[in-house]
K.L.:
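Questions regarding the structure given below will be posed in turn.
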Amino acid sequence: MSDMIDKQGKLKLEIKDFASDQDPRWCPGCGDYAVLSQMKKILPNLGTPKENIVFVSGIGCSSRFPYYVDVFGLHGIHGRAPVIASGIKLANPNLKVFVFTGDGDGLSIGGNHFIHLCRRNIDITVVLFNNRIYGLTKGQYSPTSLKGQITKSSPYGTIENAFNPVQMALASGASFVARSIDRNPKHLAKVLDAASRHKGTSFVEIYQNCVIFNDGTFSKYTDSDKKKDNIIEMNPGEPYIFGANNDKVLNWNGFDFDIEDYDTTKEDSYLRHDERHGHASMEFMLASMSQNNNLPTPIGIFRHENDATYDDNLINQINEVKMKKGVGNLKDLLFSGNTWTVE
Amino acid sequence: MSDMIDKQGKLKLEIKDFASDQDPRWCPGCGDYAVLSQMKKILPNLGTPKENIVFVSGIGCSSRFPYYVDVFGLHGIHGRAPVIASGIKLANPNLKVFVFTGDGDGLSIGGNHFIHLCRRNIDITVVLFNNRIYGLTKGQYSPTSLKGQITKSSPYGTIENAFNPVQMALASGASFVARSIDRNPKHLAKVLDAASRHKGTSFVEIYQNCVIFNDGTFSKYTDSDKKKDNIIEMNPGEPYIFGANNDKVLNWNGFDFDIEDYDTTKEDSYLRHDERHGHASMEFMLASMSQNNNLPTPIGIFRHENDATYDDNLINQINEVKMKKGVGNLKDLLFSGNTWTVE
Amino acid sequence: MNPAALKVNIPKLLPNAILILNTDAFKEKNLQLAKFEQNPINDDTLKDFQVFPVAITTLTREALKDAALSVKEKDRCKNFFALGMTYWMFTRPLDVTSEWIKQKFKSKPEIIEANITALNAGYNYAFSTEIFTTSFKISEASKKKGTYRNITGNDATALGLIAAAKKAGKELFLGSYPITPASEILHALSKYRNYDVKTFQAEDEIAGIGAAIGASFAGDVAVTTTSGPGLSLKSEFMGLAFMLELPLVIVNVQRGGPSTGLPTKTEQSDLLQAMYGRNGEAPIPIIAAKSPADCFRAAYEAVEVAFKYTTPVILLSDGYIGNGAEPWLIPNPENLPEIDITYADNAETFYPYERNPKTLARTLAIPGMAGFEHRIGGLEKEDITGNLSQDPENHQLMTELRAKKVEKVNDFAKEPEFHGEDEGDLLLLSWGSTYGVIYTALKELKTEKKVSWCHLRWVNPLPKCLGGKISNFKKVLIPEVNAGQLIKLVREKYLVDAVGFNRVKGQPLSSHEFMEDIESHLKGL
Amino acid sequence: MNPAALKVNIPKLLPNAILILNTDAFKEKNLQLAKFEQNPINDDTLKDFQVFPVAITTLTREALKDAALSVKEKDRCKNFFALGMTYWMFTRPLDVTSEWIKQKFKSKPEIIEANITALNAGYNYAFSTEIFTTSFKISEASKKKGTYRNITGNDATALGLIAAAKKAGKELFLGSYPITPASEILHALSKYRNYDVKTFQAEDEIAGIGAAIGASFAGDVAVTTTSGPGLSLKSEFMGLAFMLELPLVIVNVQRGGPSTGLPTKTEQSDLLQAMYGRNGEAPIPIIAAKSPADCFRAAYEAVEVAFKYTTPVILLSDGYIGNGAEPWLIPNPENLPEIDITYADNAETFYPYERNPKTLARTLAIPGMAGFEHRIGGLEKEDITGNLSQDPENHQLMTELRAKKVEKVNDFAKEPEFHGEDEGDLLLLSWGSTYGVIYTALKELKTEKKVSWCHLRWVNPLPKCLGGKISNFKKVLIPEVNAGQLIKLVREKYLVDAVGFNRVKGQPLSSHEFMEDIESHLKGL
Ligand SMILES: Cc1ncc(C[n+]2csc(CCOP(=O)(O)OP(=O)(O)O)c2C)c(N)n1
Ligand SMILES: Cc1ncc(C[n+]2csc(CCOP(=O)(O)OP(=O)(O)O)c2C)c(N)n1
Ligand code: SF4
Ligand code: SF4
Ligand SMILES: [Mg+2]
Ligand SMILES: [Mg+2]
């Protein structure tokens with residue numbers, strides 16, 4: 001440990017400190033690699049010593065994440081990482097706890113734990129790799145697969161609507177909600193960093209390409225000729241500008257967004273992004289855009305709120321009761337109530 | 001059956017046709033009774049023969065509902081009614097299927113099935129009795145209990161945020177979403193009737209008083225001196241008027257609602273309720289109001305959309321494949337592929 | 001009972017008697033009249049009884065709100081409301097009394113109707129709220145010196161867990177979801193925040209055990225509590241806990257099954273589920289409590305074993321002892337066994353699946369320990385290193401090691417309780433809550449034949465001595481409140497033609513019936 | 001293999017051989033060159049083999065995208081990618097080959113690195129995608145007349161279910177959640193929409209069985225499919241299905257456990273979970289398939305029993321036979337047993353828990369049947385009427401009736417397969433996928449001792465004749481790919497000192513090892 005503290009007594013970690021002895025075992029070209037390298041990049045700068053970081057996951061390709069970073073890790077069972085993570089955080093609130101999950105793991109079998117985690121606002125960061133497919137089990141559709149998608153279990157196309165993971169996180173009360181893309185490493189690093197530093201449940205949906213079973217599902221957001229028209233980067237304080245030449249802007253009409261040509265002279269009239277405004281109307285509107293073909297899909301932070309966390313509340317309650325009733329003494333406890341003595 | 005068809009060949013059912021041989025076994029004064037009587041009132045008029053109606057439930061006081069109406073019923077296990085109902089509906093799409101559930105059954109243990117049902121938009125009506133408590137198990141807090149609530153399992157007050165059931169249903173894609181109150185029988189009947197007639201997943205949250213373990217949790221919506229200030233009835237095409245003397249109105253400022261004095265001369269400028277508009281911004285804004293102490297809580301229909309149902313999609317797909325490949329013949333199926341014969 | 005009646009009757013009541021109190025009658029005024037200083041419902045006055053406070057007046061009035069009677073007349077129906085409750089409690093039908101009411105008030109149809117309504121309402125109230133669970137008086141007069149208090153099994157379990165955590169110098173974490181008849185353990189533990197008890201009411205049973213596993217990984221004494229259907233839901237996570245070899249206590253307060261079954265009734269029918277209810281080869285130690293007070297020791301011992309052998313442990317209790325109460329000889333905390341928890345101490349040589357050669361426990365290290373970063377999970381892992389491994393020989397080895405470790409619990413466990421001579425005609429072999437009934441039956445049994453009794457505390461592993469014991473008797477009789485579960489384990493292991501005394505009625509065994517059964521067996525010997 | 005190589009080699013391949021095809025090479029041009037009219041990957045040409053189409057060129061280039069090599073040089077590393085895949089398949093370590101590469105290309109460090117990278121990438125690809133599950137060639141040359149095709153166990157299960165539904169004149173409903181190695185049943189069934197097959201990919205295993213229970217209640221032939229950890233999750237709902245006494249088939253394709261275990265390896269270790277994995281007394285009939293083709297008949301029979309006895313039925317298969325293929329003598333659908341499903345016919349006298357006196361099946365009525373409206377659920381219910389009941393005697397009676405019903409399955413089940421004389425020295429007793437290995441071993445066994453073999457189809461209830469058979473042999477040997485599970489049931493029931501041959505290696509038994517074991521037992525006899 002001592003060699004990780006610099007002369008000013010500050011923690012000094014490097015990427016290589018997080019190298020695990022296991023080689024990543026994803027398919028060549030899998031989007032998971034991109035997330036891993038950005039994650040490794042931000043970890044040294046969080047100010048948290050390695051031994052206080054815990055990675056928890058369920059089952060899936062994405063859920064193998066914990067093996068590839070040298071922190072504490074628990075590779076759980078399918079869909080249940082949020083509850084394991086909750087137990088870890090409540091047992092030791094000093095720990096920085098991450099959940100790595102997939103669209104199947106986190107939203108299909110694990111959907112309930114996910115929404116309850118968001119509701120409780122336990123201080124945990126959830127990173128969801130959305131590849132719109134079950135990768136590990138060889139390509140069945142998932143709850144984020146697009147209607148009509150042909151997969152191993154839907155040879156004639158799925159007949160289900162897709163979840164909107166960002167809306168689910170917002171509706172269930174997560175205090176930090178964001179989205180990014182595997183192919184945009186800078187953005188990814190920025191969002192992961194902000195999520196990791198947030199106190200409360202932070203949720204990051206990552207559009208991740210599964211080259212084997214669902215290649216190109218996000219191509220309109222990643223192909224260089226299309227992405228600028230289909231993606232909008234939400235930056236705090238900035239208008240919603242997008243388009244191949246940054247030539248378009250979203251204008252809020254009070255109910256919906258209209259697309260207009262960006263006009264610098266109207267700069268002042270444009271709505272500016274504010275992830276801390278707390279307007280349900282705006283948050284959910286922005287979240288709904290990924291399912292609206294007429295509007296670009298936003299990436300960045302949808303909500304960033306400070307709200308009391310479950311873990312703090314618990315510690316506070318424990319301290320309050322101790323203040324009121326005194327720190328518990330085992331003997332008193334056992335001998336409380338109506339006792340009598342046989343001599 | 002024949003005596004239930006009138007001279008015009010129309011189905012003619014009466015409340016008494018739905019009387020079951022079991023007496024309701026809720027506590028005296030329980031809000032569940034109100035829902036039962038309104039439900040019995042609307043059933044005869046749905047145009048569905050008794051034998052085509054199925055009531056499904058999980059476990060809880062509210063989940064005993066199926067015993068008290070003489071239709072087909074399945075009293076399942078805790079939290080799982082939506083999946084049983086899904087199977088019933090897909091096995092026989094002619095059936096009218098209802099789920100009766102509680103805030104614990106439907107949103108705690110059953111939360112995942114609930115959101116996936118909404119996402120799939122299977123043609124099922126979900127009636128959720130929200131009493132903000134676990135009634136049957138004698139009074140532990142539920143995911144809709146208010147923060148700070150003192151219950152058997154939270155002697156020092158809960159430290160959890162409450163779910164917003166309407167927002168969850170909206171975010172997960174239910175095509176009909178509404179709310180009503182046990183103490184407003186007319187409204188209740190109207191909403192239950194609309195939900196029952198809706199094609200797709202319809203969700204009704206009912207504020208229901210548990211006299212034993214959480215008495216009065218909704219008193220500000222039911223006490224005659226308070227309710228008019230705290231409740232707003234959303235009626236299609238009408239402005240959002242409320243207040244003791246119908247003297248207040250909500251005005252939409254593009255992000256939020258402002259409360260204003262109702263002024264008939266401004267009638268034209270008021271925003272009017274439109275449950276079929278499909279604006280995420282408005283739906284979620286209205287839904288968020290129940291958790292905002294500065295605004296009244298809306299009852300009525302939040303969303304009412306026509307969207308393809310899973311059950312229809314499935315039948316359509318079956319028919320399409322039959323059209324394309326012909327109706328399957330068992331012999332062909334078994335003898336398909338590379339066969340060889342030993343003589 | 002109103003306060004005055006209560007005051008008069010308290011001295012006459014047997015300990016653990018059932019008291020149904022009309023809270024509406026316990027208002028300031030009546031209390032003063034009866035010379036109670038405080039409301040006895042809220043203080044300790046009634047600690048020795050099973051108290052059910054019910055707002056009988058309010059509820060009766062509400063039930064009769066549509067009846068054309070005066071308030072006074074309505075209030076007279078209160079007794080039928082209370083009667084309705086007791087009928088539910090003792091599963092008696094209502095029709096006889098309804099008939100009687102009809103006869104009695106023949107001339108007053110409104111009164112008939114009101115009384116029947118009240119009777120039904122009382123019954124329904126009891127039914128609705130799962131307020132009364134099977135809980136009969138269990139009381140074994142003890143003459144040992146010491147300080148006693150009355151305690152229910154669920155409360156004793158809660159205290160046993162706290163005591164173990166305190167002795168281990170650890171915080172206690174409970175991940176649980178309410179379910180009859182286990183909820184009271186959650187209720188009890190949630191009161192003890194000042195004892196560093198963290199209760200987490202999870203969204204379901206799966207989340208309850210999952211959070212407990214997380215808490216165990218992070219270094220708490222971790223527990224999950226439930227009943228039958230909840231244990232089913234925990235199956236998959238129990239497999240993970242087994243594979244992770246993390247200390248964990250799983251308390252199952254059994255109730256009448258299968259499925260939702262008879263939630264407020266008692267049964268011992270989850271033993272085989274506890275043994276085998278998960279995929280793959282995954283044996284878990286099982287301890288059973290024999291009486292309400294014994295839940296304390298059983299819970300304590302479960303924690304000891306969980307840490308000593310880095311394993312999940314299942315504690316089986318049931319509705320009968322969970323809700324029942326008996327006097328408990330309170331132990332002095334100083335005399336409770338020490339629980340020491342050791343962690344890896346050398347980061348250089350640390351391997352998470354290196355084992356203590358004596359106990360086969362693996363080497364624990366928890367987050368926060370610098371240099372001990374490692375990863376565990378549910379995939380098969382290599383011996384010692386804990387790395388993922390699909391090697392066939394390694395899988396065989398690990399399967400054997402995990403099974404051997406469970407057998408090692410016998411090195412820790414005391415010999416089971418044994419009464420009678422070491423050899424003889426009939427051996428009674430039992431576990432769990434049948435203890436009281438057997439105890440009583442044996443006391444009353446008059447026979448010249450030699451009858452001995454062995455009551456198991458650990459059901460898995462079966463004690464080493466058992467085979468020897470069994471072989472010294474002509475016949476082995478195994479009484480259980482199920483269709484025969486321990487008997488399966490015993491027959492399989494010792495190839496002895498044991499016979500069962502089995503009743504599946506949602507009730508404790510009848511000691512009378514049981515006596516008869518013993519006698520008929522003795523006749524044949 | 002590229003198309004040309006494939007063309008040449010097809011005739012030389014054994015049926016069921018493993019083919020790894022580079023899909024990048026199967027482009028128009030190459031196909032034409034090799035004179036394939038259609039892409040053989042997509043038509044039936046390769047039906048007899050286990051085909052794994054992989055875009056090897058693309059994947060290798062991707063893996064090497066950062067390497068300073070020409071495309072041509074990169075493409076040369078393809079073979080190491082393929083080799084990496086096969087290493088994973090046969091769980092071989094990579095280091096030896098890495099060393100070899102280092103030696104071989106000593107002078108070209110970039111090539112060394114690229115080849116090692118490709119080798120690793122191939123290994124990782126196979127690992128990542130769970131693409132290869134244990135599946136070895138099983139082939140028993142059959143000389144019976146008739147028409148054959150090659151079939152995997154999972155496909156045969158799918159066809160058996162469809163056939164049963166068709167014969168019953170019903171629609172087939174599958175509620176399932178993907179899991180290795182059971183997913184292929186879901187995949188197969190999802191293709192047959194035109195056979196009135198409704199596949200519902202649920203949000204989890206619990207929802208899968210729950211939806212199937214709903215579909216059964218509403219009148220479909222209802223099925224749920226899964227593997228080990230998924231079966232754990234279904235425990236609670238299995239209890240409900242048992243209580244509702246609804247027809248339901250639960251297919252469990254076992255894999256290496258416990259917990260996530262060895263998902264792509266085979267094991268027989270879920271038998272006891274299938275027997276006991278739910279709360280309360282809840283026995284469920286269990287049938288086991290013995291080979292890939294046999295899955296057809298086992299699935300068919302499971303549906304027959306589910307309806308005849310109104311009960312959930314568990315069908316045990318495993319990764320070995322689920323993914324393995326063998327020639328299947330295709331039955332003529334006309335010769336398959338009829339399945340008739342009867343519903344209540346008199347609304348006046350209808351009671352849902354009235355039983356057929358012969359089978360103890362209850363009386364079914366489904367939604368849509370006017371006048372038969374009724375309600376069922378998981379609480380204990382009164383005999384005949386099905387009303388809720390907490391009556392002690394009724395609970396005892398219902399528990400017994402439900403257990404008796406399962407025993408009745410013996411009236412339906414054929415005698416188990418038996419080879420050899422009725423009495424002798426050694427009896428081999430087995431179930432499930434060990435069939436092939438035992439068959440082979442016995443064929444090769446040379447001994448003068450009398451060895452017979454009984455292979456069970458129904459594991460619960462055990463066949464009536466079994467006790468008699470067992471008692472006619474000096475020794476009973478039970479081979480299982482687990483730590484001893486059937487043996488527990490047999491020892492318990494018949495009090496026979498059976499011995500086990502058990503291996504828990506994620507692999508089928510080695511017939512060689514097994515032979516040796518038999519021989520050593522015979523020596524002692
Ligand atoms: C209880 C259980 N059910 C099913 C599975 C099989 N399974 C493993 S991962 C997975 C889905 C993976 O999809 P996703 O979470 O999207 O992860 P990805 O592989 O796409 O990253 C499934 C169905 C399992 N391991 N356990
Ligand atoms: C698997 C399982 N877990 C827990 C329970 C116990 N249980 C029954 S109902 C219930 C909660 C009831 O609350 P809610 O759904 O809000 O219904 P209410 O009684 O308030 O109408 C619980 C925890 C159970 N029956 N099964
Ligand atoms: S299957 Fe898809 S998600 Fe999984 S490792 Fe391969 S490319 Fe990545
Ligand atoms: S406990 Fe509450 S919810 Fe349940 S029946 Fe009584 S009043 Fe109604
Ligand atoms: Mg995925
Ligand atoms: Mg409730």
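Side chains are part of it too, since the values below use all heavy atoms of this structure and drop only hydrogens, waters and symmetry mates.
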K.L.:
Relative to chain D, which of C/Ala403, C/Gly280, C/Pro258 shows the most heavy atom pairs under 4.5 Å?
P.N.:
C/Pro258

K.L.:
Given that the side chain runs from C-beta out, which part of C/Leu231 has a heavy atom under 4.5 Å from chain D: side chain, backbone, both or neither?
P.N.:
neither

K.L.:
Identify whether the distance between the nearest side-chain nitrogen and carboxylate oxygen of C/Arg255 and C/Glu267 falls below 4.0 Å.
P.N.:
no

K.L.:
If we define contacts as heavy-atom pairs under 4.5 Å, which of C/Gly484, C/Ser269, C/Ala274, C/Ser227 has the most with chain D?
P.N.:
C/Ser269

K.L.:
Output the option from C/Arg402, C/Gln254, C/Met275, C/Gln485 having the highest count of non-hydrogen pairs under 4.5 Å with chain D.
P.N.:
C/Gln485

K.L.:
Which one wins on heavy-atom pair count under 4.5 Å against chain D: C/Ser232, C/Gly228, C/Gly257?
P.N.:
C/Ser232

K.L.:
Would you find a donor on one side and an acceptor on the other, under 3.5 Å apart, between the side chain of C/Glu281 and the backbone of D/Ala483?
P.N.:
yes

K.L.:
Between D/Arg278 and D/Glu236, does any NZ, NE, NH1 or NH2 come within less than 4.0 Å of an OD or OE carboxylate oxygen?
P.N.:
no

K.L.:
Among the options D/Gln396, D/Lys381, D/Glu400, pick out the one with the most heavy-atom pairs lying under 4.5 Å from chain C.
P.N.:
D/Gln396

K.L.:
Between C/Glu245 and C/Lys405, does any side-chain N to carboxylate O distance fall below 4.0 Å?
P.N.:
yes

K.L.:
Counting only heavy atoms closer than 4.5 Å, note whether C/Lys234 contacts chain D via side chain, backbone, both or neither.
P.N.:
neither

K.L.:
When only pairs under 4.5 Å are counted, which of D/Gly239, D/Gly261, D/Ala282, D/Gly277 shares the most heavy-atom pairs with chain C?
P.N.:
D/Gly261

K.L.:
Quick one, D/Leu462 and D/Tyr494 - any side-chain contact, counting heavy atoms below 4.5 Å?
P.N.:
yes

K.L.:
Measure the shortest side-chain to side-chain distance between D/Ile376 and D/Phe217 over non-hydrogen atoms and say whether it is less than 4.5 angstrom.
P.N.:
yes

K.L.:
Taking every heavy-atom pair that is under 4.5 Å apart, which of C/Asn502, C/Leu397, C/Asp497 has the most such pairs with chain D?
P.N.:
C/Asp497

K.L.:
Chain C: which of D/Gly256, D/Ala241, D/Ser259 shares the most heavy-atom pairs with it under 4.5 Å?
P.N.:
D/Ser259

K.L.:
Heavy-atom distances under 4.5 Å only: say whether C/Ile206 touches chain D with side chain, backbone, both or neither.
P.N.:
side chain

K.L.:
Taking D/Met238, D/Met243, D/Met398, D/Lys493 one by one, which has the highest count of heavy-atom pairs under 4.5 Å against chain C?
P.N.:
D/Met243

K.L.:
Going by heavy atoms in the side chains, are D/Ile179 and D/Pro229 under 4.5 Å from each other?
P.N.:
yes

K.L.:
What residue, out of C/Gln273, C/Glu380, C/Arg503, has the most heavy-atom pairs lying under 4.5 Å from chain D?
P.N.:
C/Gln273

K.L.:
Please confirm whether the backbone N or O of D/Ala207 pairs with a side-chain atom of D/Asp204, one donor and one acceptor, at under 3.5 Å?
P.N.:
yes

K.L.:
Is the closest side-chain donor-acceptor distance between D/Asp270 and D/Asn252 under 3.5 Å?
P.N.:
yes

K.L.:
Identify which part of C/Val490 has an atom lying under 4.5 Å from any heavy atom of chain D, answering side chain, backbone, both or neither.
P.N.:
neither

